[in-house]
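Structure, as structure tokens:
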Amino acid sequence: MSTEENLINAEKLNGSVEHITYTNNSNGYTVAVLKVEDDMVTIVGIMPFLAVGDCIEVTGKFDVHPTYGHQFKVSSFEKAAPSDTASILRYLSSGAIRGVGPSTARNIVERFGDRALEIIETEPERLSEIRGISLDKAMKIADEYNKQFGVRDVMLFLSPFRISPEGALKVFNALGSNATEIIRNNPYVLCTEEIGFSFEKAEEISSYFAVPKDSDCRIAAGLEFVLRHNLSNGHTCLPKDKLVATSARLLECTPSEVDVICKEMLKALQLRLFVEDETEFVALPQYFTAEEFVSGRLSVMLRYAPPAEPLADLEIEIIEQREHIKYEELQKTAIKTAISKGITVLTGGPGTGKTTTLNAIIKILKSKQLSIALAAPTGRAAKRMSELTGCNAKTLHRLLEVEWNDSDVHVFARNEKNPLPYDVVIIDEMSMVDILLFESLLRAVRLGTRIIMVGDSDQLPSVGAGNVLADIISSKTVPTVALTKVFRQAMESLIVANAHRIISGEQPELSSKTSDFFMLNNLNPVSAAELVVDLCAKRLPDAYGFKPLTDIQVLCPSKMLDLGSQNLNNLLQNRLNPQTKNYERITFKNFELRQGDKVMQIKNNYDIMWTSDSGEEGNGVFNGDIGILEKIDRKNSLLRVRFDDKVAVYYNENVNELELAYAMTIHKSQGSEFDCVILPILDTPSKLLYRNLLYTAVTRAKKLLIVVGSREVLLSMVENNRKSLRYTTLNKRLRDAFAK
């Protein structure tokens, strides 16, 4: 249904808020009970600063369910200030205004009567006439009260530009009660990182207010937009000439006009400049500072490393005898380096013994009574690390004790003032760690803490900006051990053998039909998609006993086209979990969620509550976690999703954090392993036909990998060693820091 149709068919309700069932202070999502004449109506939607006693008008539609009844979904709302003394007293006593409790509310109403709210808004200093209310407290009460109605003004101001109530709340939280005046003067403030609107939306609003095309604020916003947009491509900076030229095309200005503003922003430190080999690079201050800090901190930590722990060859021999293994020479070197150096990088491909080496390092460190923290970038990677080492591992965000501030931006409780208490910190899947996260980690470790970084430098780089592991290794400033020998038992797997062939640029073995890696040629995208579905739903379960929902994972280079994850998810859903009258379902974005679906969490959320099968309760579901949608509970506006041995509860506001997961992109699979992987390669966009992407997909499979599609396309990926170019300054900064 179109926006116009929704507006025409929208209903309005007027009433008073009787009860607040649930509210999220960061985004304003609220579930409440509204008294409308003699009826009680459950209302849900973005309604920030709502309080018991509020008189409001809501616009939206009823959602009628045959079992659970009525629920009114709010698209917009307006709040009216209570007018009589009884309503004012109820409103002020409800706790809606921070700092005003029932006793203070009664004193205010007794003193000012039905003018109480008018006094708070226009003459707040008069509140100090009341005993117990200082002038400072009076002004804070007024500020809190103005928030209640200031956000309404911002919503009304932005609604003609199709800005959602949630977006308007973000604007209000960032700009305050003067938001409308600030936006009129400079609409481009809306596309700063704190607010996060698109540059196109700011352009739309600026044209309404007739902001000149060559205005300084527009050009400055364009420069920041280009830099911020390129963060998603992994760049922490851009060459100045490229930045100016790209911004000039975007803004339809001359390069000289853009260059003038760029220089002014550099002078004011709104942008930062770094010079390497006579090339000027421009960065956003946050990323400039991050790479500067990381290089300096690593240099200091290596110079002032903890004393080398004594390690006799006999200790390694004892572990070999106990574990019935024999370490290869490079593995022994890695063990000794990790024990003796302040910082170590351990890298290597599949079958080279990284996990075996890491387990030996952990055992020796524990024997020396050193406290150890294990961490990985994602929940699935942390879980896999726990399984492989037998030790508890956390996500890096959990290790650093993530919190959310009033602007809904994450901050870490662990930092320079509150460092981590460990002697050793070990990070797995280091290739996935971006520069901002690594900066936060280094700020949280004490000088003298050992850091061991484990990863495969041939994997895809981090989704976030930076190329941390590759930059550290290529700078040759940090002790690094690269395991290169593939053990014979590992080479018996064609998955492992082909992974090493691929990364070396050699053609993989594709003719075998009896090993754990084989290819099914199919040059028709539609029939290839049908083959993928049939393999997942019938052929592999029948032949190998794999369970479609838990053992098999389809990995796609792209989201788009016939063999992209979006289309395959729809096909697999209809085959594995078809619609039935007995199952609830909800439509969301461009897909439908049904009870029984395989789903994936697509961002870290530390607020989602879960209960384990043993009765333990906790919070937090992480980016990449895969589960089964067990229940759609319309009555309580929630979903229940099972992740392994725990069930998480999702309210309507969090549903947008779930996607179907029968198929996923290769990028999303980083840090995970699956018993069986199906890899469709045929109608793949040319920019995704490169070696590292194929290598990453192949190394996700543990027991079986099947490629469906074109042998020629696969071989073209092997031949294309074009690693994604990332503009960063960390490599050069590290070399400079260690040269001092």
Side-chain angles (χ1 to χ4, degrees), residues 325 328 347-356 384 387-388 456-460 482-523 528 531-532 534-536 538-548 550-557 563 663-664 666 669-682 684 688-721:
I325 56 178
E328 190 260 337
T347 185
T352 57
K354 281 202 311 292
T355 300
T356 304
R384 180 166 162 261
E387 293 169 348
L388 293 175
D456 185 346
S457 57
D458 292 316
Q459 297 277 3
L460 293 170
L483 302 179
T484 55
K485 180 179 177 181
V486 184
F487 288 89
R488 188 179 70 247
Q489 61 267 35
M491 286 299 286
E492 292 173 0
S493 163
L494 197 53
I495 293 173
V496 173
N498 275 343
H500 285 276
R501 290 190 181 105
I502 288 167
I503 208 61
S504 300
E506 302 172 14
Q507 293 189 5
E509 169 59 52
L510 300 175
S511 59
S512 174
K513 298 296 182 185
T514 58
S515 69
D516 57 2
F517 185 124
F518 59 89
M519 180 163 193
L520 299 177
N521 282 288
N522 190 312
L523 302 183
L531 175 57
V532 169
D534 196 48
L535 283 167
C536 193
K538 180 171 175 55
R539 292 170 61 171
L540 291 176
D542 288 352
Y544 296 90
F546 288 133
K547 298 176 182 177
T550 56
D551 300 334
I552 302 172
Q553 185 60 55
V554 178
L555 299 183
C556 308
L563 291 170
M664 70 173 72
I666 297 169
S669 73
Q670 284 180 270
S672 302
E673 281 191 338
F674 310 96
D675 283 348
C676 175
V677 168
I678 303 173
L679 178 60
I681 295 179
L682 181 58
T684 304
L688 295 173
L689 294 175
Y690 59 97
R691 186 184 300 173
N692 285 75
L693 190 71
L694 177 62
Y695 174 77
T696 300
V698 170
T699 53
R700 300 308 89 203
K702 290 194 293 185
K703 297 179 181 179
L704 180 65
L705 185 135
I706 302 175
V707 181
V708 175
S710 165
R711 179 187 296 261
E712 287 68 27
V713 174
L714 184 143
L715 296 181
S716 72
M717 294 182 76
V718 175
E719 292 168 1
N720 182 6
N721 195 29

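Note that the coordinates shown come from a computational prediction; the quantities given were computed from them, not determined experimentally. Residue numbers start at 1 and run along the sequence shown.
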Exercise for review: Check side-chain contact (heavy atoms from CB on, under 4.5 Å) between R691 and all other residues, then give those that pass, not counting sequence neighbours.
Suggested key: I502, I503, N721
Point to revise | Minimum heavy-atom distance L689-N720, with the two atoms named | key: O-ND2, 2.7 Å
Practice item. Using a cut-off of 6.0 Å, state whether more than 12 heavy atoms not belonging to K703 lie near its atom NZ. Key: no
Point to revise | Residues which pass salt bridge (charged side-chain N to carboxylate O under 4.0 Å, His left out) with K547, listed by chain and number, not counting sequence neighbours | key: none
Exercise for review: Apply side-chain hydrogen bond (donor to acceptor under 3.5 Å, both in side chains) to N692 and list each qualifying residue two or more places apart in sequence or on a separate chain.
Suggested key: none
Check your understanding: Is there a side-chain contact (heavy atoms from CB on, under 4.5 Å) between L535 and F546 once you walk through the steps?
Key -> CA-CA 10 Å; L535 283 167; F546 288 133; over 6 Å; no
Practice item. Mind checking the CZ-CD1 spacing from R700 to I495? Nearest 0.5 Å is all I need. Key: 11.5 Å
Check your understanding: Atom CD1 of I666 and atom CG of L693: how far apart are they, to the nearest 0.5 Å?
Key -> 4.0 Å
Practice item. Work out which heavy atom in D516 is nearest to a heavy atom in S493; give both atom names and the distance. Key: OD2-OG, 2.7 Å
Exercise for review: Consider only side-chain N and O atoms of D456 and Y695, and report whether a donor and an acceptor are under 3.5 Å apart.
Suggested key: yes
Point to revise | Partner residues of F674 under the ring-ring contact (aromatic ring centres under 6.0 Å, His included) criterion, sequence neighbours left out | key: none
**Study point:** Closest approach of G505 to V718 (non-hydrogen atoms, all atoms of both residues)
**Key:** C-CG1, 3.8 Å
Review point. E387: what forms a side-chain hydrogen bond (donor to acceptor under 3.5 Å, both in side chains) with it, not counting sequence neighbours?
Key: none
Revision key, fill the gap. The side-chain hydrogen bond (donor to acceptor under 3.5 Å, both in side chains) partners of K538 (sequence neighbours excluded) come to D542
Point to revise | Partner set under side-chain contact (heavy atoms from CB on, under 4.5 Å) for N522, not counting sequence neighbours | key: N524, S527, A528, L531
Practice item. Mind listing the closest non-hydrogen atom pair of T699 and A499 along with its distance? Key: CG2-CB, 3.9 Å
**Study point:** Test item: H500 side-chain N/O and G351 main-chain N/O as donor-acceptor pair under 3.5 Å
**Key:** no
**Study point:** Straight-line distance of C536 SG to I678 CD1, nearest 0.5 Å
**Key:** 5.0 Å
Check your understanding: Mind checking what makes side-chain hydrogen bond (donor to acceptor under 3.5 Å, both in side chains) contact with S515, not counting sequence neighbours?
Key -> S512
Check your understanding: What residues, two or more places apart in sequence or in another chain, satisfy ring-ring contact (aromatic ring centres under 6.0 Å, His included) together with F518?
Key -> none
Exercise for review: Check the pair E509, N498 against side-chain contact (heavy atoms from CB on, under 4.5 Å), reporting the backbone distance first and the verdict last.
Suggested key: CA-CA 6 Å; E509 169 59 52; N498 275 343; 3.7 Å; yes
Point to revise | Stepwise side-chain contact (heavy atoms from CB on, under 4.5 Å) test for V677 and L704 | key: CA-CA 6 Å; V677 168; L704 180 65; over 6 Å; no
Check your understanding: How far does CG of D675 sit from OG1 of T550, to the nearest 0.5 angstrom?
Key -> 8.0 Å
Practice item. Please check if the side chain of T352 supplies one atom and the backbone of G349 the other of a donor-acceptor pair under 3.5 Å. Key: yes
Study note, to complete from the structure: Separation between SG (C676) and CD1 (I706), nearest 0.5 Å, reads 5.0 Å
Point to revise | Check against side-chain contact (heavy atoms from CB on, under 4.5 Å), V698 and V707 | key: CA-CA 9 Å; V698 170; V707 181; over 6 Å; no
Study note, to complete from the structure: Minimal heavy-atom distance between T684 and P557, with the atoms involved, is CG2-CB, 3.6 Å
Study note, to complete from the structure: Sorted by chain and residue number, the salt bridge (charged side-chain N to carboxylate O under 4.0 Å, His left out) partners of R384 (sequence neighbours excluded) come out as E429, E673
Output side-chain donor-acceptor pairs under 3.5 Å for residues 709-717, partner residues at least two apart or in another chain, one line each.
residue	atom	partner	partner atom	Å
S710	OG	E712	N	3.2
S710	OG	E712	OE1	3.4
S710	OG	V713	N	3.1
S716	OG	V713	O	2.6

Exercise for review: Ignoring hydrogens and angles, tell me if any N or O in the side chain of S504 forms a donor-acceptor pair with the backbone of R501 under 3.5 Å.
Suggested key: no
Exercise for review: Hey, could you give me the CE/CG distance between M519 and L705, rounded to the nearest 0.5 Å?
Suggested key: 10.5 Å
Practice item. Report the residues that fulfil salt bridge (charged side-chain N to carboxylate O under 4.0 Å, His left out) with K485, sequence neighbours left out, ordered by chain and then residue number. Key: none
